Amino acid sequence: MILVSADNWFYGKDIIIDVISVLVLLFILIYSARYYALNKKEKKYALLIASFSTLTISFLAKILSHFIIYYRDTGVKQMGVITVTYQTISQSYALIFWGLLAYRILSIIGLYLFYLIYTEKTSKLNLFITAYLLVLSGYLGHIEYALYHITFSLVLLAVILRLSARYKEKNYHTTKLLIYGFSMILLSQICFILTLYYLQSYMAGEIIQLAGYSLVLLSFLKVTRFGPKKKRTA
Amino acid sequence: MLMSIQAKGGEIKPTHLMYKANLAHRQLKSYLEELIEKNIVRKISRKENEYIMITDEGLKFMQKLREMKEFEGMFGF
């Protein structure tokens with residue numbers, strides 16, 4: 001099983017990109033908690049906090065796993081300009097396995113919690129079945145690489161569609177930026193799926209993901225640093 | 001209430017505030033007590049008239065509220 005693949009110049013850089021993603025998630029998490037303290041009646045904040053906490057933990061698990069892959073006892077092979085890191089039977093493998101599994105399951109659950117912000121009340125049974133299928137998908141993604149990214153993409157697409165509907169309704173400029181950011185992250189997922197056919201698309205995916213999170217950060221900064229900017233068409 | 005005070009340049013007479021914020025006298029008194037206790041507004045006297053004024057703390061609080069509303073707007077709450 002190939003764990004990570006990248007050109008030499010990119011080797012280990014994905015950790016930096018993931019650290020930036022974590023920082024963006026943390027910023028939003030901290031501000032969500034602050035605003036929740038101001039308005040505890042708004043249950044959507046509680047969901048937002050739960051979602052971004054889960055996503056942050058998932059990325060931390062990914063960073064930990066990749067760190068072990070790159071800098072610990074793993075087999076690294078040079079194939080021309082491509083460096084491929086293979087799993088080796090070592091103590092590190094258990095940490096890598098559980099780390100990546102936690103990343104896949106928690107990131108899907110975190111995103112689903114975010115999606116729940118935009119859904120009407122649903123029964124606990126529906127929630128349980130959906131959550132079970134998502135966890136299963138995250139687990140099976142460990143065996144079938146593309147499955148995780150396809151599931152993540154579908155949930156993300158659902159979020160983008162919901163956000164787009166809200167944008168049409170309320171017309172906030174920052175919502176549009178957020179939609180662009182999420183769309184970039186969706187595109188990065190497609191690149192990760194294509195890694196099965198083109199190893200280089202992993203790097204493209206990571207760079208696009210960085211651009212996506214940067215756009216999310218920009219929309220967030222526009223709210224917190226530069227004050228209200230509301231664009232109305234009427 | 002706070003927006004009504006700010007619309008009047010940061011200070012307003014209590015009676016004007018009552019009408020602007022569409023509050024009954026008892027409600028106004030109760031809300032004002034809470035806002036004064038939290039140092040969001042304070043009472044000042046000028047030319048034998050009493051005014052309600054937003055404090056610096058209150059202005060910061062309003063900025064936070066605006067940010068919160070924009071944050072909610074961004075996520076489409």
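None of these values were measured; they are calculated from a predicted model. Numbered from 1 within each chain, the chains take letters A, B, ... in sequence-line order.
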Around [X], counting heavy atoms of other residues, nucleotides and ligands shown, do more than 12 lie under 6.0 Å from its [atom1]?
X: F97(A); atom1: CZ; result: yes
X: D56(B); atom1: CG; result: no
X: Y180(A); atom1: OH; result: no
X: Q27(B); atom1: CD; result: yes
X: K8(B); atom1: NZ; result: no

4.5 Å side-chain heavy-atom contact, [X] and [Y]:
X: L178(A); Y: F75(B); answer: yes
X: N39(A); Y: E72(B); answer: yes
X: L48(A); Y: F71(B); answer: yes

No-hydrogen, no-angle side-chain donor-acceptor test under 3.5 Å, Y172(A) and E70(B):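 Side chains of Y172(A) and E70(B): no pair found under 3.5 Å.
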
Please find the pair of heavy atoms, one from L163(A) and one from M74(B), that lie closest to each other, and give the distance.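 So the minimum-distance heavy-atom pair works out to CD2-O, 4.1 Å.
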
Nearest atoms (heavy-atom pairs only) where M68(B) meets L38(A):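 Scanning both residues, the minimum pair turns out to be SD-CB, 3.9 Å.
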
Within this structure, what is the CZ-CD distance for the pair R34(A) and E67(B), rounded to the nearest 0.5 Å?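 It comes to 9.0 Å.
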
At a 4.5 Å cut-off on heavy atoms, which part of K64(B) comes close to chain A: side chain, backbone, both, or neither?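 Both parts, backbone and side chain.
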
Go through the atoms of Y45(A) and report whether side chain, backbone, both or neither lie under 4.5 Å from a heavy atom of chain B.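 Interface part for Y45(A): both.
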
